[in-house]
Asks: 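Please find one structure pasted underneath; my questions will follow.
Counting from 1, the numbers follow the sequence of the chain as shown. Just so we're clear, the structure is a prediction, and the values are computed from it rather than from any experiment.
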Amino acid sequence: MTNERLTVAVLGPGGVGGLLAALLARAGNRVICLAGERTAEALEKDGIQVRSARFGDFTARVETAAELREQVDAALITVKHTTLTASLDRLPAASLGPGTLVVPFLNGVEHPAHLRAHYGEDVPLAPATIRVESTRVAPGVVEHGSPFAEVDLTGDSVPGDRLNSLAGALEWAGVGTRVLPDETAVLWAKMSFLAPFALLTTRHELPLGEIRTRHREELTALVAETAAVSTAAGAPVDPAETLRRYDAFPPATRSSMQRDAEAGRPLELDAIGGALLRTAERHGVRVPVATEVVAELRAAEERHTA
């Protein structure tokens, strides 16, 4: 892939967005971070500071803006689903057009439809998933803890050369990137891995290693239910392969939902657990374990916010 220099906006320079923004900027791309006043001040003063065994410790300089006011090659949406609606004010439709590739890096499977309804079909949308453990520990400070950062990029109605251009920029920046067909398959491949992991680590307040040993039966059942829903939605998943992937992860791995619960932040429960239950109901798939786990987490969240 060629090293084509792009102008990229990043909405939400947190754990994922901050890492991608810093890597893209270090590789020579122009990066504009769309953020609130406190974060923007930190970025303008100190840049984005990355601590990473994989990419090294470095500081990258980026531009900042309260909202996008110009055409860019790509706009990466890297906010949490819980803040998506409010955050879109920073990415107004008037600043977008056929020349801007909108790339949401959100958990779940329902956000592409929401964004297409919000921006209209003329704006090319390229959903992406990322495999990474990366956390914002302070405004402009990102700790990348996993030995990998891998992106799957898709877009059923986006010309291949547009996807390849962004993929090339990410690859040149050090992020392993695949361009894949079939949005449904890409989103459910992530969902089928993420949902059991996020829901159970949060429910039991334990890292993945203890979930896969102390709660193996529950994990196996939830993986099977999620795979059945994914298959019914048109994206066949092998539950045995999902379990093998869990077994290969470091035992101390925690989900972002678990970290949000520990910090008292809103959970992406509806985007993950809620979407799983809604899809199951739509396709007539029984998911008793998922129903129980999501209900318990919803009750706990309601108690916390009451």
Asks: Counting N and O atoms only, with roles assigned by atom type, does the side chain of Thr39 sit under 3.5 Å from a partner on the main chain of Pro139, one being a donor and the other an acceptor?
Replies: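 Side chain of Thr39 to backbone of Pro139, a donor-acceptor pair under 3.5 Å: no, none is there.
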Asks: Which is it for Arg203 and Glu218 under the salt bridge (charged side-chain N to carboxylate O under 4.0 Å, His left out) test, yes or no, and what are the steps along the way?
Replies: CA-CA 11 Å; Arg203 180 188 197 185; Glu218 183 182 27; 2.3 Å; yes
Asks: Do NZ/NE/NH1/NH2 and the carboxylate oxygens of Asp152 and Arg178 come within less than 4.0 Å?
Replies: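 The answer is yes: the pair qualifies as a salt bridge.
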Asks: Please tell me if the side chains of Thr202 and Ser255 come closer than 4.5 Å, counting only heavy atoms from C-beta onward.
Replies: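 Yes; the side chains approach each other to less than 4.5 Å.
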Asks: Taking the side chain as C-beta and beyond, is there a heavy-atom pair between Leu206 and Arg214 under 4.5 Å?
Replies: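 Yes, at least one pair of side-chain atoms sits under 4.5 Å.
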Asks: With a 4.0 Å cut-off, would you call Glu262 and Arg259 a salt bridge?
Replies: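 Judged by the 4.0 Å cut-off on N to carboxylate O distance, Glu262 and Arg259 do not form a salt bridge.
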Asks: Decide, yes or no, whether a salt bridge links Glu67 with Arg90 under the criterion of side-chain N to carboxylate O below 4.0 Å.
Replies: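 Looking at Arg90 together with Glu67, the answer is no, because their closest N to O distance does not fall below 4.0 Å.
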Asks: Using a 6.0 Å distance limit plus a 45 degree cone around the ring axis, check whether Arg26 lies over the aromatic ring of Phe58.
Replies: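 Because its charged atom sits under 6.0 Å from the ring centre and within 45° of the axis, Arg26 does stack over Phe58.
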Asks: Using a strict threshold of under 4.0 Å (side-chain N to carboxylate O), is an ion pair present between Asp270 and Arg278?
Replies: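 A salt bridge is present here (some side-chain N lies under 4.0 Å from a carboxylate O).
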Asks: Please answer whether the main-chain N or O of Ala169 pairs with a side-chain N or O of Arg5 as donor and acceptor at a distance below 3.5 Å.
Replies: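 Not a single qualifying donor-acceptor pair exists.
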Asks: Can you find a heavy atom in the side chain of Val237 that is under 4.5 Å from one in the side chain of Phe193?
Replies: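 Val237 does not reach Phe193 side chain to side chain.
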Asks: Closer than 4.0 angstrom, basic N to acidic O: yes or no for Arg30 and Glu70?
Replies: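 Between Glu70 and Arg30 there is a salt bridge, with a charged N closer than 4.0 Å to a carboxylate O.
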Asks: Going by an N to O cut-off under 4.0 Å, is there a salt bridge joining Arg254 and Asp260?
Replies: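 Salt bridge between Arg254 and Asp260, a charged N being under 4.0 Å from a carboxylate O: no.
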Asks: Regarding Glu143 and Arg54, does a basic nitrogen lie under 4.0 Å from an acidic carboxylate oxygen?
Replies: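 Salt bridge: no.
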Asks: Kindly indicate whether the side chain of Ile77, heavy atoms from C-beta on, has any atom under 4.5 Å from the side chain of Leu84.
Replies: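 With C-beta onward as the side chain, the pair touches.
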Asks: Is the closest side-chain heavy-atom distance between Thr135 and Val142 below 4.5 Å?
Replies: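 No - every pair of side-chain heavy atoms lies 4.5 Å or more apart.
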Asks: Do Leu88 and Val16 share a hydrophobic cluster, counting only Ile, Leu, Val, Met, Phe, Trp and Tyr and linking them when any side-chain heavy atoms are less than 4.5 Å apart?
Replies: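 The answer is no; the residues belong to distinct hydrophobic clusters.
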